[in-house]
There are 2 protein chains.
Amino acid sequence: MSAVPAESVETPEPAWRQRAVERSTRAAKLRAEQRVQRFLDAAQELIADKGTTDFTVQEVVERSRQSLRSFYQHFDGKHELLLALFEDALSKSAAAIREQVAAGQDPLERLKLAVELLYDSSRPREGRQSPLFTDFAVQLLVSHPEQVASAHLPLLDFFTEMVEEAVETGQAVAPKPRRTASLIMQTAMFTAQAPSARVGAHPSPITVEEVWAFCLGGISGGPVSDGTPATAPTVKKTAAKTGAKKKASAKKSASATTAARKTGAAASPPRRG
Amino acid sequence: MSAVPAESVETPEPAWRQRAVERSTRAAKLRAEQRVQRFLDAAQELIADKGTTDFTVQEVVERSRQSLRSFYQHFDGKHELLLALFEDALSKSAAAIREQVAAGQDPLERLKLAVELLYDSSRPREGRQSPLFTDFAVQLLVSHPEQVASAHLPLLDFFTEMVEEAVETGQAVAPKPRRTASLIMQTAMFTAQAPSARVGAHPSPITVEEVWAFCLGGISGGPVSDGTPATAPTVKKTAAKTGAKKKASAKKSASATTAARKTGAAASPPRRG
DNA sequence: CAGAATCGAGAATAGCATTCTCGCTAGTAG
DNA sequence: CTACTAGCGAGAATGCTATTCTCGATTCTG
């Protein structure tokens with residue numbers, strides 16, 4: 001976007017003009033946000049209603065009593081809308097888990113509770129809203145992994161914190177807390193999500209307890225004394241950052257308002273023939 | 001659909017008629033299978049070429065030099081086609097892993113190798129063919145979990161075997177081998193699939209080693225003592241032989257000289273109620 | 001060879017996302 | 001009050017695909 005000589009010769013936008021534009025913009029932006037919110041709400045209702053993210057843009061438009069035109073004026077497309085809802089739901093979920101876990105004292109116990117909560121909220125329940133994002137989330141995972149990742153950041157931060165604490169108290173071993181946290185989260189979320197082999201295999205899906213037991217093993221200093229001549233597995237804990245470094249990220253933000261996003265960046269361009 | 005209906009009556013379909021039908025059927029069935037195979041091959045080529053499962057039914061039809069009509073006469077829809085390819089790929093993958101792992105002696109070592117192979121094949125590489133099923137697989141996971149599960153069965157069986165063996169040799173602890181195997185597989189596959197938090201978080205995705213270390217901890221006898229009312233420690237000493245080397249899959253002769261174009265395309269499942 | 005199956009080509013449908021065209025309405029400077 | 005502009009609602013128009021349906025043409029079967 002920097003190689004456009006033809007335009008770089010334009011007038012340098014005087015400050016007063018910028019301000020003028022800014023002012024006339026503010027009001028509009030406010031209204032825009034309201035509209036956006038209406039779309040968001042409508043979509044949320046639809047999801048809760050139908051149980052899937054398969055609603056049509058039309059439906060959202062109708063329910064929000066606005067117009068298609070308006071929709072596309074505020075969102076880059078259905079995808080953006082879903083992404084917004086997704087992020088919003090995730091950050092709320094993160095906040096909720098954080099809060100419920102706050103009570104616990106023991107790091108490991110807190111982590112366990114967090115895993116249980118995460119597992120539970122990742123579960124495809126029927127009536128409620130948030131869970132249905134899981135299916136969209138999975139789809140998103142293959143189409144826009146980066147955005148999913150960033151949406152997961154708050155939660156990942158939190159889990160990382162807990163893992164670090166557990167490491168500090170010697171209850172766990174994790175040379176790379178963040179990565180370990182990521183693994184734990186993934187395990188919990190995907191296991192909850194996937195009705196995995198419930199066919200000829202076991203009839204009942206894997207439970208939270210099992211997930212936790214598995215994760216627990218994964219972080220407890222495991223007896224890595226297997227005679228395998230492979231590369232030393234777990235022992236890469238080079239100077240475990242146990243010393244100080246208390247990250248203690250007290251981000252109590254959770255300002256869910258994911259209103260108008262329009263990152264308009266790597267969004268898939270509308271295919272045109 | 002307008003053929004002889006009264007079949008529910010006592011008319012027991014004379015043997016001769018059955019035979020006649022059978023005969024006239026056999027040939028047809030044979031031809032049908034050939035046609036089906038052509039569709040399958042064409043689809044596979046397209047996937048290898050374009051790198052996604054986003055091909056059009058039209059394309060498959062054209063490439064296979066057959067017709068739309070024929071396509072829908074043999075497949076219930078694009079979905080069925082993909083499912084067929086998916087199952088095929090998975091079972092081949094299972095066979096391949098089985099084979100490569102067969103060499104190993106130590107149960108745990110074999111398991112490790114299997115995890116590595118599984119992780120690798122679940123990885124969304126660029127140009128190649130099969131791995132791209134992962135994205136379809138994920139989608140399938142939410143739309144037809146059962147079929148995915150059944151497709152995973154062979155692999156799950158194999159992993160279960162290994163876990164059981166490891167348990168027998170005392171290298172692992174798993175009250176429920178099958179479930180544990182499932183967890184391991186899921187962890188490996190999803191972790192490989194998900195480029196998870198690679199944003200502000202760690203730049204490099206989680207590696208196989210990390211996955212293995214995590215899983216290893218999860219199965220090594222750890223301070224695990226949760227609810228999971230384990231039935232008597234599985235002592236079923238199954239003679240896990242695993243022999244049978246079934247390779248012979250050296251087709252691959254497609255013309256993959258095409259430069260991947262476009263590729264970007266937001267997945268929008270045409271699902272309908 | 002005649003009739004029955006199939007098949008190839010491709011037109012016709014249909015569901016959806018995304019665009020685009022028309023007025024309409026409110027705010028605003030003149 | 002009036003011309004002008006921006007944003008909006010309605011809804012038609014597009015574009016892309018999957019899926020169906022129609023019409024001869026071909027192949028198989030007896």
Side-chain angles (χ1 to χ4, degrees), chain A residues 20-21 23-36 38-39 42-43 46 50 52-83 139 143 260 264 267-273, chain B residues 1-4 16-17 19-36 38-39 42-43 46 50 52-83 139 143 262 264-273:
Chain A
V21 170
R23 186 162 9 129
S24 96
T25 277
R26 185 145 42 201
K29 178 171 290 183
L30 201 87
R31 265 177 302 149
E33 273 171 30
Q34 278 184 298
R35 286 175 177 285
V36 164
R38 278 167 66 189
F39 282 125
L46 281 170
K50 326 211 327 180
T52 75
T53 53
D54 276 355
F55 56 80
T56 63
V57 175
Q58 266 302 336
E59 294 175 304
V60 174
V61 163
E62 280 162 23
R63 188 163 302 219
S64 67
R65 296 169 170 298
Q66 291 178 91
S67 69
L68 255 185
R69 186 172 186 288
S70 217
F71 180 86
Y72 284 101
Q73 194 175 327
H74 295 296
F75 291 93
D76 218 34
K78 185 183 180 182
H79 181 267
E80 287 291 326
L81 169 68
L82 286 174
L83 191 60
Q139 254 184 250
S143 61
S268 58
R271 324 235 332 67
R272 313 216 56 213
Chain B
M1 296 318 157
S2 58
V4 185
W16 65 265
R17 173 178 283 254
R19 246 176 287 122
V21 171
E22 213 281 332
R23 184 160 14 128
S24 98
T25 275
R26 184 151 42 204
K29 177 171 292 184
L30 202 86
R31 265 177 302 148
E33 274 171 28
Q34 278 183 299
R35 285 175 178 289
V36 164
R38 278 168 64 190
F39 282 126
L46 280 170
K50 325 209 328 178
T52 76
T53 54
D54 276 354
F55 57 80
T56 285
V57 173
Q58 265 302 337
E59 295 176 303
V60 174
V61 164
E62 280 163 22
R63 194 136 190 160
S64 68
R65 297 169 167 299
Q66 291 180 92
S67 70
L68 255 184
R69 187 168 185 285
S70 214
F71 180 86
Y72 283 102
Q73 193 175 326
H74 295 295
F75 291 93
D76 219 36
K78 182 183 181 182
H79 182 267
E80 288 290 326
L81 169 68
L82 286 174
L83 191 59
Q139 249 183 256
S143 60
K262 160 275 191 186
S268 53
R271 289 257 85 52
R272 54 183 252 24

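In what follows, chains carry the letters A, B, and so on, assigned in the order in which the sequence lines appear, proteins first and then strands, with residues in each chain numbered from 1.
Summarising the geometry, the separation between CG on A/L68 and P on C/dC22 is reported as 18 Å, rounded to the nearest angstrom. Summarising the geometry, the separation between CZ on A/F39 and C1' on D/dG9 is reported as 11 Å, rounded to the nearest angstrom. Taking atom CG on B/D54 and atom P on C/dA17, their separation rounds to 16 Å, with Å as the unit. To the nearest angstrom, C1' of C/dA9 lies 14 Å from CZ of B/R65.
Within the 3.5 Å criterion, the main-chain N or O of A/A42 finds no donor-acceptor partner in the side chain of A/R63. In this structure, the side chain of B/E33 does not engage the main chain of B/L30 through any donor-acceptor pair within 3.5 Å. Between the side chain of B/T56 and the backbone N or O of B/Q58, no donor-acceptor pair lies under 3.5 Å.
Here B/Y72 reaches the OP1 or OP2 of D/dT19: one of its side-chain N or O atoms lies under 4.0 Å away. For the pair B/H74 and C/dC7, the criterion of a side-chain N or O lying under 4.0 Å from OP1 or OP2 is met. Between A/S70 and D/dG9, a side-chain N or O to OP1/OP2 separation shorter than 4.0 Å is present. Applying the 4.0 Å criterion to OP1 and OP2 of D/dG9, one finds that A/R35 has a side-chain N or O inside that range.
Among residues two or more places apart in sequence or in another chain, the side-chain hydrogen bond (donor to acceptor under 3.5 Å, both in side chains) test is passed with B/S70 by none. Looking at residues two or more places apart in sequence or on another chain, you find no salt bridge (charged side-chain N to carboxylate O under 4.0 Å, His left out) involving B/E62. Residues satisfying the side-chain contact (heavy atoms from CB on, under 4.5 Å) test with A/V57, not counting sequence neighbours, are A/V61, A/L68, A/F71, A/Y72, A/K78.
In this structure, A/F55 reaches the sugar-phosphate backbone alone: every heavy-atom distance under 4.0 Å involves primed, P, OP1 or OP2 atoms, never a base.
Rounded to 10 degrees, the angle separating the terminal axes of the helix from C/dC1-D/dG30 to C/dG30-D/dC1 is 10°, with each axis obtained from five end pairs.
Where A/Q66 and B/K78 each meet DNA chain D at their nearest nucleotide, the meeting point lying more 5' is that of A/Q66.
For the pair B/Q66 and B/R35, the tightest heavy-atom approach, listed with the atom from each and the gap, is OE1-NH1, 3.0 Å. Residues B/F39 and B/S67 approach most closely at CZ-O, 4.0 Å, considering heavy atoms.
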Are there any protein N/O atoms within less than 3.5 Å of an N/O atom in nucleotides 3-5 of chain C, and if so, which ones and at what distance?
none

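Among the nucleotides D/dC28, D/dC23, D/dC8, the one closest to any side-chain atom of B/R69 is D/dC23.
Near DNA chain C, defined here as any heavy-atom distance below 4.0 Å, the residues from residues 56-64 of chain A are A/T56, A/V57, listed numerically.
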